[in-house]
Number of protein chains: 2
Amino acid sequence: MSKYDCLRLDHQLCFPIYACSRGIVKKYKPFLDELDLTYTQYIVMMVLWEKQECNVKELGNALFLDSGTLTPLLKKMEAKGLVSRTRSTTDERNVIICITEEGMKLRDQAVTIPAKMGGCVDLSKDEAKTLYKLLYKVLANVEK
Amino acid sequence: MSKYDCLRLDHQLCFPIYACSRGIVKKYKPFLDELDLTYTQYIVMMVLWEKQECNVKELGNALFLDSGTLTPLLKKMEAKGLVSRTRSTTDERNVIICITEEGMKLRDQAVTIPAKMGGCVDLSKDEAKTLYKLLYKVLANVEK
DNA sequence: TATAATTAAATTGTACACAACTTAATTGCA
DNA sequence: TGCAATTAAGTTGTGTACAATTTAATTATA
């Protein structure tokens, strides 16, 4: 029992979150490689598969990412033919990201990924639900 | 209810882990800025405050990081006077990272950080313990 | 005991993240 | 209405991450 115990790695909550995050993203890699997507590109696609279009700001709000990350990412995705980027005519500050047909097609390939990943993470339904709730609680506290 | 529901962002476990990780690291920033440490440098220091010295491989095992990340990081920390880097004489493949007196001194400043961060994350003792256990369970599954 | 296999770091190249700043468009208010 | 404040993207610079490869040292074995 030392006054430095609070600085032990195994007394942190942040460290396993950080390590899990990287570990899980690494597990996604082989599955996402088949779609030629990175993890960040994949979560952008998730938003667009649902909404078909939204501006950079909305995308950033959904993913907790800013334009410094999204702008270069979206340019790459545009180059790959997954999305289009168009200035809004009603408010020229906004850039509207629109999923292409090509991008929409990827959805059918992606649909098998969550089950494969579920196998990697390997928690019971109850454990997954508990973890989910706690993470969103932390996220709410941290993002406010 | 669509067959694409599994691709919704709010049906993922990975996304809140990823978002939490980035959100928490961002919360650390003002505290770590006072010590002139990044988050990754901070967790390296955590290992060294405990062990005083270890090689790059051991550090990587503890933090789930490889030499591609650690080598440049450790060179920066050496330049700041926090650690020394020495080839082992018994096995010249190993580089031994040793915390300096300067680095050891930082521990007294760092000791207040965990409590401050606890306030940000703001979970009950039970919630924190549950979250901790589930994260290490996921981590074990993901890293094997 | 030479050499093949393994191991530990380092290097190279790519892809985020994000702070801080810039630019251009829109809003709000004196 | 005109200008200050705000807002949305984009840009710049720094710092991780990590895959893939290279280099050098050690170990194992034919």
Side-chain angles (χ1 to χ4, degrees), chain A residues 14-15 18-30 32-33 36-45 54-80 83 85-97 142-143, chain B residues 14-15 18-30 32-33 36-45 54-80 83 85-97 142-143:
Chain A
C14 181
F15 175 68
Y18 160 82
C20 269
S21 174
R22 290 185 300 114
I24 294 180
V25 169
K26 227 180 286 186
K27 279 282 185 188
Y28 268 107
K29 192 169 187 315
L32 294 179
D33 277 351
D36 188 30
L37 290 175
T38 64
Y39 178 73
T40 318
Q41 290 168 9
Y42 175 59
I43 59 176
V44 167
M45 291 305 285
C54 71
N55 63 38
V56 176
K57 184 72 181 180
E58 289 163 346
L59 210 46
N61 288 341
L63 303 178
F64 304 99
L65 291 171
D66 69 7
S67 68
T69 301
L70 288 173
T71 296
L73 192 78
L74 292 167
K75 283 183 178 174
K76 278 177 217 165
M77 294 175 75
E78 186 183 35
K80 284 202 275 196
V83 305
R85 298 166 62 249
T86 328
R87 283 270 161 203
S88 165
T89 45
T90 50
D91 185 341
E92 296 211 13
R93 287 172 305 181
N94 292 294
V95 166
I96 299 164
I97 308 303
V142 159
E143 291 294 339
Chain B
C14 182
F15 175 69
Y18 161 80
C20 268
S21 173
R22 290 185 298 116
I24 294 179
V25 169
K26 225 181 287 185
K27 278 283 186 189
Y28 268 107
K29 190 168 189 315
L32 293 180
D33 277 351
D36 188 30
L37 291 175
T38 64
Y39 178 72
T40 317
Q41 289 168 9
Y42 176 58
I43 59 176
V44 167
M45 292 306 285
C54 69
N55 64 36
V56 175
K57 183 75 179 175
E58 289 163 345
L59 210 45
N61 287 341
L63 304 177
F64 305 99
L65 291 169
D66 69 6
S67 67
T69 301
L70 287 173
T71 297
L73 192 79
L74 292 167
K75 283 182 178 175
K76 279 177 217 163
M77 294 176 74
E78 185 183 36
K80 284 202 278 198
V83 304
R85 300 167 59 249
T86 326
R87 284 270 161 202
S88 164
T89 45
T90 50
D91 184 341
E92 295 212 12
R93 288 174 303 182
N94 292 293
V95 167
I96 298 162
I97 308 302
V142 159
E143 291 295 338

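Scope of the values below: all heavy atoms of this structure, side chains included, with no hydrogens, waters or symmetry mates. Reminder, nothing fancy here: chain letters follow the sequence lines and each chain counts from 1.
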Exercise. L74(B) CG to dG15(D) C1': how many Å, rounded?
Worked result: 14 Å
Problem set entry | Side-chain donor-acceptor contact under 3.5 Å, T90(B) with S88(B) | yes
For this session: Give S88(B) one of three labels, base, sugar-phosphate or nothing, depending on what nucleic acid heavy atoms sit under 4.0 Å from its own.
Result: nothing
For this session: Examine dA25(D): is either OP1 or OP2 under 4.0 Å from a nitrogen or oxygen in the side chain of N94(B)? Give yes or no.
Result: no
Problem set entry | Shortest non-hydrogen contact between R22(A) and L63(B), atoms and distance | NH2-O, 2.9 Å
Exercise. In whole angstrom, what separates Y39(A)'s OH from dA17(C)'s P?
Worked result: 9 Å
Problem set entry | Value in whole Å for how far the P atom of dA10(C) lies from NZ of K57(B) | 13 Å
For this session: Using atom CE of M77(B) as one end and atom C1' of dT16(D) as the other, report the distance to the nearest whole Å.
Result: 13 Å
Problem set entry | Distance, nearest 0.5 Å, that separates CD1 of I43(A) from OG1 of T38(A) | 8.5 Å
For this session: Report which part of the nucleic acid T69(A) touches: base, sugar-phosphate, or nothing (heavy-atom distance under 4.0 Å, all strands).
Result: base
Exercise. Nearest to the side chain of S67(B) - dT26(C), dA9(C), dA9(D)?
Worked result: dA9(C)
Exercise. Is there a side-chain polar atom (N or O) of R85(B) under 4.0 Å from OP1 or OP2 of dA9(C)?
Worked result: no
Exercise. What integer distance in Å separates L63(B):CG from dC18(D):P?
Worked result: 11 Å
Problem set entry | Rounded distance (Å) that lies between atom P of dG10(D) and atom NZ of K76(A) | 14 Å
Exercise. Can you tell me if the side-chain N/O atoms of K29(B) get under 4.0 Å from OP1 or OP2 in dG15(D)?
Worked result: no
Exercise. Distance check: side-chain N/O of T40(B) vs OP1/OP2 of dA17(D), anything under 4.0 Å?
Worked result: yes
Seminar exercise, completed: With the side chain defined as heavy atoms from C-beta on, N55(B) is closest, among dA19(D), dA17(C), dA9(C), to dA9(C)
Exercise. Which whole-number value in Å describes the distance from D66(B) CG to dT7(C) P?
Worked result: 16 Å
Exercise. Between atom CG in L37(B) and atom P in dG15(D), what is the gap in whole Å?
Worked result: 13 Å
Exercise. Nearest to the side chain of T71(B), which nucleotide is it out of dA9(D), dA17(D), dT11(C)?
Worked result: dT11(C)
Problem set entry | Residue pair Q41(A) / K76(A), side-chain donor-acceptor N/O under 3.5 Å | no
Problem set entry | Closest to the K75(B) side chain, choosing from dC16(C), dT11(C), dC18(D) | dT11(C)
For this session: For dA9(C), take OP1 and OP2 only and decide whether either is under 4.0 Å from a side-chain N or O of R87(B).
Result: no
Problem set entry | Nucleotide of dT27(D), dC18(D), dC18(C) approaching K26(A) most closely (side-chain heavy atoms) | dC18(D)
Exercise. What does Q41(A) touch in the nucleic acid at a heavy-atom separation under 4.0 angstrom: a base, only the sugar-phosphate, or nothing?
Worked result: sugar-phosphate
Exercise. With a 4.0 Å cut-off on heavy atoms, is L73(A) in touch with a base, just the backbone sugar-phosphate, or nothing at all?
Worked result: sugar-phosphate
Seminar exercise, completed: In this structure, CE of M45(B) is separated from CG of L37(B) (nearest 0.5 Å) by 6.5 Å
Exercise. Where does the angle between the aromatic ring planes of Y18(A) and Y39(B) fall among parallel (under 30°), tilted (30 to 60°) and perpendicular (over 60°)?
Worked result: perpendicular
Seminar exercise, completed: Comparing nearest nucleotides in DNA chain C, the 5'-proximal residue of the pair P72(B), D91(A) is P72(B)
Exercise. Pick the nucleotide of DNA chain D nearest each of Y18(A) and V95(A); which residue has the one closer to the 5' end?
Worked result: V95(A)
